[in-house]
Amino acid sequence: MIPFQYTRANNVADAVRLIAANSGAKFIAGGTNLLDLMKDNVERPTKLIDISRLPLTSVEETASGGLRIGALVPNADLAWHPLIEKRYPLVASAILAGASQQLRNMASTGGNLVQRTRCAYFYDTATPCNKRQPGSGCSAVNGINRGHAILGASTSCIATHPSDMCVALVALDATVHVTGPNGGRTIPFADFHRLPGDTPHIDTNLGPDEIITAIEVPAKGFATNYSYLKIRDRLSYAFALISVAAALELKDGTIQEARLALGGVAHKPWRDVAAEAALRGRPAEEASFAAAADLLLRDARPQAQNGFKIDLAKRAIIRTLTQAARGTPQSQSNKTIQ
Amino acid sequence: MQDGAAQSDANPAPLPEKMSVTLTVNGTERRFSVLPWVSLLDALRDHLDLTGTKKGCDHGQCGACTVLVDGRRINSCLTLAVMRDGAHVTTIEGLATNGALDPLQQAFIDHDAFQCGYCTPGQICSGIGLIAEGRAKSPHEIREFMSGNICRCGAYPNIVAAIQQAMGTKP
Ligand SMILES: Cc1cc2nc3c(=O)[nH]c(=O)nc-3n(C[C@H](O)[C@H](O)[C@H](O)COP(=O)(O)OP(=O)(O)OC[C@H]3O[C@@H](n4cnc5c(N)ncnc54)[C@H](O)[C@@H]3O)c2cc1C
Ligand code: SF4
Ligand code: FES
Ligand code: FES
């Protein structure tokens, strides 16, 4: 960790002014990702702007029937918020599948989106990494890449985005509200995170002097037929090898609408609208789910060590859609997969 | 993380000043000055001489550093002392009242819920947080909501039993 100055923002405008005026400054919210990376000298801000006391902690109903979630609502509070539990249980389930209760108590909604990859080379400053040091090379391409991407990767970077919550949010068509020096704008969730291309050091389309103020979820929450299934190396407190968020709207056994997004497979939470379209109008049964899985994975490319992920993803997609169709979502406490 | 973090930049920014922090720790107001990069964990151990809270990984991966801040369990290694100015902190040292152990401390003894004891302060603070949340009830749920506390000695079944006893769900 390098020495840094610390200051507290008094309001959103103050936060934006401070970040714009200090190159090398970073916002700190929960601190659970930033401080971790600072301790390993991966992140080296010269100034921390503490936004954790800004009044962005409410969950409010919007005029169009959705919810506006303040960027500083802790992950734990969001998962257990009555409106989220009742109307957006997919979001609650995805949050509870991630990290630990202590971390969820600290982690903020906004910080969860901006958290960085868990690629071990990104964390290890002794190794080349294009994301950490542009142009230095990617150690994972010919290294340990069991956990890496199977979709949307580039020769520059094969890292995955680690968030669980974001997989549910992209499936539900959330939008991200941000404020910068020129005022506010909204970013559709699917456009928030980027594919690595040849600029893997840029994770998101958030501007360097913009702050996330809120996440908005639209009215449709798919609270009846949904499931979030996370497959990992141990049953809890581990990042996803594969995770699936599935949501369905059914009528007499036929799929009216479908949402399907994957975590642990790409540089961004991976939603596939073509696979969703292929489910519409089809019977809610295994053959339909398998066809959607094949479509979603049509461009999947394994790394040397993670070919297993393609088959695992297919089976996880089928299982999660089955759970959603049955109305028996995966429990995040009893990990038996049924 | 320590006070004298290595200076590795060619053109370092001017060194920051120490900042004054006030915490109410185990019911007593404590005022001290620290550099901005001192974690709450290091402040408790090195500045306030409360060494009951342990440092395992220093990266949020083990739970040994778990304390209660304003009643919620958190990893004290991943928060800065300066960020918590004004907060109420409860550590393992603050759980007993007038010499009587907290029911969860007693339950850990009754159920032999530790071997080396290194993870235990974090386990107990985490368990107190879990009971206060009032969500986890069944053994599956207790295990899941205690998963942020690693026990290298593998005392897990006894930890679950101790928590059940303290919650009153086990005779
Ligand atoms: C051991 C461990 C296990 C974990 N396991 C999981 C898991 O299984 N699943 C999972 O999804 N996550 C997991 N996490 C990650 C955790 O969810 C994230 O670290 C957390 O959500 C980040 O939020 P924060 O508020 O702490 O962010 P911070 O660490 O404060 O910030 C992270 C980044 O976001 C930026 N930022 C924060 N808030 C804003 C804002 N409002 N506007 C603009 N930029 C902002 C900061 O500048 C920084 O760059 C784990 C973390 C740890 C340490
Ligand atoms: S996969 Fe990306 S993050 Fe990992 S070493 Fe390669 S460039 Fe770095
Ligand atoms: S020391 Fe904080 S989680 Fe390990
Ligand atoms: S008792 Fe030894 S680590 Fe838990």
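These values consider heavy atoms only, across backbone and side chains, with no hydrogens, waters or symmetry-generated copies. Quick caveat, the model's predicted, so the values are computed rather than measured. Letters go in sequence order (proteins before strands), and every chain restarts at 1.
Ring planes of B/F145 and A/W80: tilted class, angle from 30 to 60°.
Looking at B/R135, only its side chain comes within 4.5 Å of chain A, counting heavy atoms on both sides. A/S52 touches chain B through its side chain: at least one heavy atom from C-beta onward sits under 4.5 Å away, while N, CA, C and O do not. Of the two parts of A/A238, neither the backbone nor the side chain holds a non-hydrogen atom closer than 4.5 Å to a non-hydrogen atom of chain B. With a 4.5 Å cut-off on non-hydrogen atoms, B/Q61 touches chain A through its backbone and its side chain both. Looking at A/D36, the atoms closer than 4.5 Å to chain B (heavy atoms on both sides) sit in the backbone and in the side chain alike. Of the atoms belonging to B/M146, not a single heavy atom falls under 4.5 Å from chain A.
Within 6.0 Å of CZ in A/R319 there are 12 or fewer heavy atoms belonging to other residues, nucleotides or ligands. Other residues, nucleotides and ligands place more than 12 heavy atoms under 6.0 Å from the CG atom of A/L83. Annotation: B/R152, atom CZ; neighbour count of heavy atoms from other residues, nucleotides and ligands within 6.0 Å does not exceed 12. Annotation: B/K137, atom NZ; neighbour count of heavy atoms from other residues, nucleotides and ligands within 6.0 Å is above 12.
In this structure, the separation between CD1 on B/I150 and OH on A/Y237 is 6.0 Å, given to the nearest 0.5 Å. The CD atom of A/Q332 sits 7.5 Å away from the CD atom of B/E144 when rounded to the nearest 0.5 Å. Taking CG of A/N334 as the reference point, atom OG of B/S138 lies at 8.0 Å (rounded to 0.5 Å). Once rounded to the nearest 0.5 Å, the distance linking SG of B/C62 with CD of A/Q102 reads 9.5 Å. Expressed to the nearest 0.5 Å, how far OH of A/Y123 lies from NE2 of B/H59 amounts to 8.5 Å.
Within the 4.5 Å cutoff, side-chain heavy atoms of B/P16 are placed close to those of A/P3. In this structure, the side chains of B/V69 and A/N105 stay at 4.5 Å or more apart for every pair of heavy atoms. Counting heavy atoms from C-beta on, the side chains of A/L103 and B/N75 come closer than 4.5 Å. When side chains are defined from C-beta on, A/M106 does not count as touching B/R72, because their heavy atoms never get closer than 4.5 Å. No side-chain heavy atom of A/Q5 sits less than 4.5 Å from a side-chain heavy atom of B/P36. With contacts defined as side-chain heavy-atom distances shorter than 4.5 Å, the pair B/W37/A/L48 does not qualify. Under the 4.5 Å side-chain criterion, counting only non-hydrogen atoms from C-beta, A/Q101 is not in contact with B/S126. Contact check for B/D85 versus A/R8: side-chain heavy atoms found under the 4.5 Å cut-off.
Between A/K335 and B/E141, none of the side-chain N atoms (NZ, or NE/NH1/NH2) sits under 4.0 Å from a carboxylate O, so this pair counts as no salt bridge.
The closest donor-acceptor contact from the side chain of A/K39 to the backbone of B/D58 lies under 3.5 Å.
The most heavy-atom pairs under 4.5 Å with chain B, out of A/E85, A/R104, A/R234, come from A/E85.
Only one option out of A/S100, A/S333, A/S236 pairs with B/S147 in a side chain to side chain donor-acceptor pair (under 3.5 Å); it is A/S236.
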